[in-house]
Number of protein chains: 2
Amino acid sequence: MTNQHTPAKLDPLLHQPVRTRIAAFLAARGETTFGELKKALEISDGNLDSHMKKLVASGYIIVRKVEGKGRPQSFYSLSEPGRTAFRAYVAALQTMLGL
Amino acid sequence: MTNQHTPAKLDPLLHQPVRTRIAAFLAARGETTFGELKKALEISDGNLDSHMKKLVASGYIIVRKVEGKGRPQSFYSLSEPGRTAFRAYVAALQTMLGL
DNA sequence: CTATATACTCTGAAAAACAGAGTTACCTTA
DNA sequence: TAAGGTAACTCTGTTTTTCAGAGTATATAG
């Protein structure tokens, strides 16, 4: 029998207001910078930083540092595990919410 | 133009692993008890209690106390504002995730 | 009567979220 | 060319949230 009345657990790394938006943004956009994300989400630097750190530490997001003439800039994108986790997360939501 | 690159904010009362599951469960079931919820979600008493308290305090969930011969039992259900908020939350997710 | 179970509530610890100040380096513009 | 502004982060500390487990009241089984 299918466990229809036990809603599946949701990945806490992705199921959080700021991080879900980051993941969705990245899934749609592919690659982004700190500044672009900050503008899109309208949150403080510190807040964005701590969420990005967590996502990078977990391996869901990859940073590509581009060394140029100035300060190296970071480009963020979903890693393959991140993409997979995001897909699973969305599927879990769909099931749970009957979408 | 539509603000397509600024993912909408998600109601923090609903966008939390345990509470999303509570809301989804209630939306599907209509009314439930503490024990049933505890069994369905597999979380500790204290944890469930604190989330229920928050949901009740916010007005998203209504408690109906049934006085019987013994200890009065509580039946929980989504209030009308709760149902509305949940609908809006689901809609926001759909938009954000492109569902 | 004792043990067990349900239905909660309370308390406190641990973790998460967040803001703002600080750092480095470029890029104006006066 | 020096001062001011800004982008891109990082660091630190406070507040808020999450969570587990112990505690309380009542009922029921043996």
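Note that these values count all heavy atoms, side chains included, but never hydrogens, waters or copies made by symmetry. Proteins come first, then strands; the chains are lettered A, B, ... in the order of their sequence lines, and each starts at number 1.
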From [atom1] of [X] over to [atom2] of [N], roughly how many Å is that when rounded to an integer?
X: B:Ile43; N: D:dG21; atom1: CD1; atom2: P; value: 13 Å
X: B:Asp45; N: D:dA25; atom1: CG; atom2: C1'; value: 14 Å
X: A:Asp11; N: C:dA16; atom1: CG; atom2: C1'; value: 15 Å
X: B:Leu37; N: C:dT9; atom1: CG; atom2: P; value: 13 Å
X: A:Leu48; N: D:dC11; atom1: CG; atom2: C1'; value: 15 Å
X: A:Phe34; N: D:dT6; atom1: CZ; atom2: P; value: 17 Å
X: A:Tyr76; N: D:dC9; atom1: OH; atom2: C1'; value: 7 Å
X: B:Lys53; N: C:dC8; atom1: NZ; atom2: C1'; value: 8 Å

* **Nearest heavy atoms of B:Arg19 and B:Leu13, plus distance in Å** => NE-O, 2.7 Å

* Provide the closest heavy-atom pair for A:Ser77 versus A:Gly30 in the form atom of the first, atom of the second, distance. => CB-O, 3.1 Å

* Report yes if a side-chain nitrogen or oxygen of A:Ser74 is closer than 4.0 Å to either non-bridging phosphate oxygen (OP1 or OP2) of D:dA8; otherwise report no. =>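 For D:dA8, OP1/OP2 do not have a side-chain N/O of A:Ser74 under 4.0 Å.
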
* Asked: Reckon B:Lys38 has a side-chain N or O less than 4.0 Å from the OP1 or OP2 of C:dA7?
  -> no

* Asked: So B:Tyr89 and A:His15, would you call those rings parallel, tilted or perpendicular, with 30° and 60° as cut-offs?
  ->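 B:Tyr89 vs A:His15 ring planes: perpendicular.
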
* Asked: Between B:Arg64 and B:Glu31, does at least one N-O distance fall below 4.0 Å, as a salt bridge requires?
  ->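 Between B:Glu31 and B:Arg64 there is a salt bridge, with a charged N closer than 4.0 Å to a carboxylate O.
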
* Under 4.0 Å protein heavy-atom contacts per nucleotide of nucleotides 14-19 of chain D, with B for base, S for backbone only and - for none -> ---SSB

* Asked: Honestly curious: do B:Phe86 and B:Ile62 fall in one hydrophobic cluster under the side-chain, below-4.5 Å linking rule?
  ->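 Hydrophobic grouping puts B:Phe86 apart from B:Ile62.
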
* What about A:Asp49: does its side chain form a donor-acceptor pair under 3.5 Å with the base of D:dC9? -> no

* Hey, what do you get for CD1 (A:Ile22) to OH (A:Tyr76), rounding to the nearest 0.5 Å? ->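 A:Ile22 atom CD1 to A:Tyr76 atom OH measures 10.0 Å (nearest 0.5 Å).
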
* Asked: Counting N and O atoms only, with roles assigned by atom type, does the side chain of A:Ser79 sit under 3.5 Å from a partner on the main chain of A:Gly59, one being a donor and the other an acceptor?
  ->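 Side chain of A:Ser79 to backbone of A:Gly59, a donor-acceptor pair under 3.5 Å: yes, one is there.
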
